[in-house]
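Here is the structure we will look at, set down as structure tokens.
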There are 2 protein chains.
Amino acid sequence: MASHTAASLKVELNERGWRLTPQRETILHIFQNLPNGNHLSADDLHRRLQDQGENISLSTIYRTLKLMARMGILRELELAEGHKHYELNQPYPHHHHHLICVRCNTTIEFKNDPVLRIGAKTARREGFHLLDCQLTIHALCPPCQQALGLP
Amino acid sequence: MASHTAASLKVELNERGWRLTPQRETILHIFQNLPNGNHLSADDLHRRLQDQGENISLSTIYRTLKLMARMGILRELELAEGHKHYELNQPYPHHHHHLICVRCNTTIEFKNDPVLRIGAKTARREGFHLLDCQLTIHALCPPCQQALGLP
DNA sequence: TTAAGTGCAAAAACTTTGCATATTT
DNA sequence: AAATATGCAAAGTTTTTGCACTTAA
């Protein structure tokens with residue numbers, strides 16, 4: 001869960017018989033330069049790559065996102081938009097969780113160390129190797145409570 | 001987040017200008033009779049309804065699942081299969097979280113009250129009305145660690 | 001009565017796959 | 001050289017939508 005350089009990514013890939021390609025390196029860079037709190041869908045990433053003149057196919061993007069999520073480099077977020085979003089899987093103290101309004105999709109990030117510790121402990125107890133731990137809270141934001149006439 | 005009867009569901013729907021239809025009642029029953037720890041995708045639910053001779057269209061199922069999730073009656077789970085699953089949103093002490101192997105999709109449920117309290121507190125602090133709170137842990141199970149030759 | 005809900009079929013959105021070609025190790 | 005990765009186009013899955021009809025309140 002440490003931050004990656006192209007070199008360390010290469011090592012980690014090679015250990016598993018995989019390869020460092022220019023596409024994978026470019027995609028990693030995009031995420032590393034993403035302002036904190038941003039996250040991209042496959043399509044967002046594709047567009048962003050095209051904007052900077054990189055032509056990487058959507059297939060490769062999907063394959064790379066899944067690979068990096070399984071390696072623990074990216075975390076896969078299920079926000080409210082109906083498709084997955086990805087962001088760098090940052091270690092403590094940057095690690096965070098999400099509070100989401102199910103009506104308007106407003107999303108608030110928050111940090112919580114105890115939850116992170118509980119997640120780590122739970123995985124360890126079951127013998128699992130932790131990749132990511134996210135608390136997702138579904139709720140109604142104040143304006144949406146109003147709109148629904150909730151007490 | 002209390003358990004629902006057809007009558008209380010009706011009240012809650014009517015309060016918001018919505019209606020209790022036979023389809024909605026039938027769907028609620030399916031979930032109420034689901035053994036603890038089970039969860040259904042839209043398609044699972046559709047098949048299950050057909051098996052018991054109920055003809056409810058997939059459109060209605062999708063619309064109902066979303067509605068009930070937004071009301072806090074069902075919780076929407078993002079497990080690893082690539083589509084949503086739903087289960088009854090049960091209050092403490094039945095409330096639970098999920099530990100998922102990203103490689104083989106093995107899923108383990110676990111309970112954790114502190115996380116639930118943290119979720120409730122976080123929502124309250126932001127003025128949100130809590131609907132659901134789920135800790136999702138992505139990890140590699142022991143066999144999959146082996147298969148990948150992890151130390 | 002009338003606003004909301006349903007079913008159908010069609011479309012949309014998102015993701016995966018087969019295969020020929022290119023590239024990393 | 002051998003195995004992995006890519007790009008393309010095509011197909012697959014899951015979910016949403018428009019519309020005419022039905023139904024709960």
Side-chain angles (χ1 to χ4, degrees), chain A residues 6-7 9-28 39-47 49-50 53-71 74 76-86 102-103 105 148-149, chain B residues 6-28 39-47 49-50 53-71 73-74 76-86 102-103 105 148-149:
Chain A
L9 175 60
K10 182 172 191 314
V11 169
E12 202 167 326
L13 285 165
N14 291 350
E15 273 172 357
R16 308 196 194 177
W18 298 329
R19 296 165 182 187
L20 180 62
T21 62
Q23 289 88 340
R24 288 175 181 174
E25 202 174 330
T26 303
I27 289 173
L28 177 64
H39 33 72
L40 305 176
S41 68
D43 208 57
D44 295 337
L45 176 57
H46 191 225
R47 241 194 309 276
L49 285 163
Q50 299 215 307
E54 308 273 1
N55 262 63
I56 300 184
S57 75
L58 247 188
S59 318
T60 295
I61 287 175
Y62 275 108
R63 287 186 279 229
T64 303
L65 291 174
K66 183 173 277 191
L67 177 74
M68 290 187 172
R70 289 183 170 193
M71 292 176 70
L74 298 179
E76 206 171 74
L77 308 178
E78 296 290 351
L79 305 178
E81 296 83 357
H83 52 258
K84 292 171 181 145
H85 280 231
Y86 295 82
V102 298
R103 188 163 174 276
N105 296 353
L148 292 175
Chain B
S8 72
L9 175 60
K10 182 172 191 314
V11 169
E12 202 168 323
L13 285 165
N14 291 350
E15 272 171 358
R16 308 195 193 176
W18 299 329
R19 297 167 182 184
L20 180 61
T21 62
Q23 289 88 338
R24 289 175 180 174
E25 203 174 329
T26 302
I27 290 173
L28 177 64
H39 34 71
L40 304 176
S41 67
D43 208 56
D44 294 337
L45 176 56
H46 191 224
R47 241 194 308 275
L49 286 163
Q50 300 215 307
E54 308 273 1
N55 262 62
I56 301 184
S57 75
L58 247 188
S59 319
T60 294
I61 288 175
Y62 274 108
R63 287 186 280 229
T64 303
L65 290 174
K66 183 174 276 189
L67 178 74
M68 291 188 171
R70 289 182 170 193
M71 291 176 72
I73 294 172
L74 297 179
E76 204 171 75
L77 308 177
E78 295 290 351
L79 304 178
E81 295 83 358
H83 52 256
K84 291 172 182 145
H85 281 232
Y86 295 82
V102 299
R103 189 163 174 277
N105 297 352
L148 292 175

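Throughout, protein chains are lettered first and strands after them, A, B, ... in sequence-line order, and every chain is numbered starting at 1.
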OP1 or OP2 of [N] versus the side-chain N and O atoms of [X]: is any pair under 4.0 Å?
X	N	answer
A/Y62	C/dT16	no
B/K66	D/dT16	yes
A/Q23	C/dT23	no
B/K10	D/dA25	yes

Can you spot which of A/E78, A/E76, A/H39 makes a side-chain contact (heavy atoms from CB on, under 4.5 Å) with A/H85? A/H39
Assess whether one donor atom and one acceptor atom, taken from the side chain of A/S59 and the base of C/dT17, lie less than 3.5 Å apart. yes
I'd like to know if A/S41 reaches the base of C/dC14 with its side chain such that a donor and an acceptor end up less than 3.5 angstrom apart. no
Quick one: A/R63 CZ to C/dT17 C1', roughly how many Å, whole number? 8 Å
Hey, does [X] reach any base, or is it just sugar-phosphate, or nothing, if we go heavy atoms under 4.0 Å?
X	answer
B/D43	nothing
A/N55	sugar-phosphate
A/R24	sugar-phosphate

Walking DNA chain C from its 5' end, the first of B/T21 and A/K84 to be reached, judged by nearest nucleotide, is B/T21
Just compare C/dT15, D/dT23, C/dT24 and give me whichever is closest to any side-chain atom of B/R19. D/dT23
Please pick, from D/dC8, C/dG5, C/dG7, the nucleotide with the shortest atom-to-atom distance to any side-chain atom of B/T60. C/dG7
First of A/T64 and B/W18 reached from the 5' end of DNA chain D, by closest nucleotide: A/T64
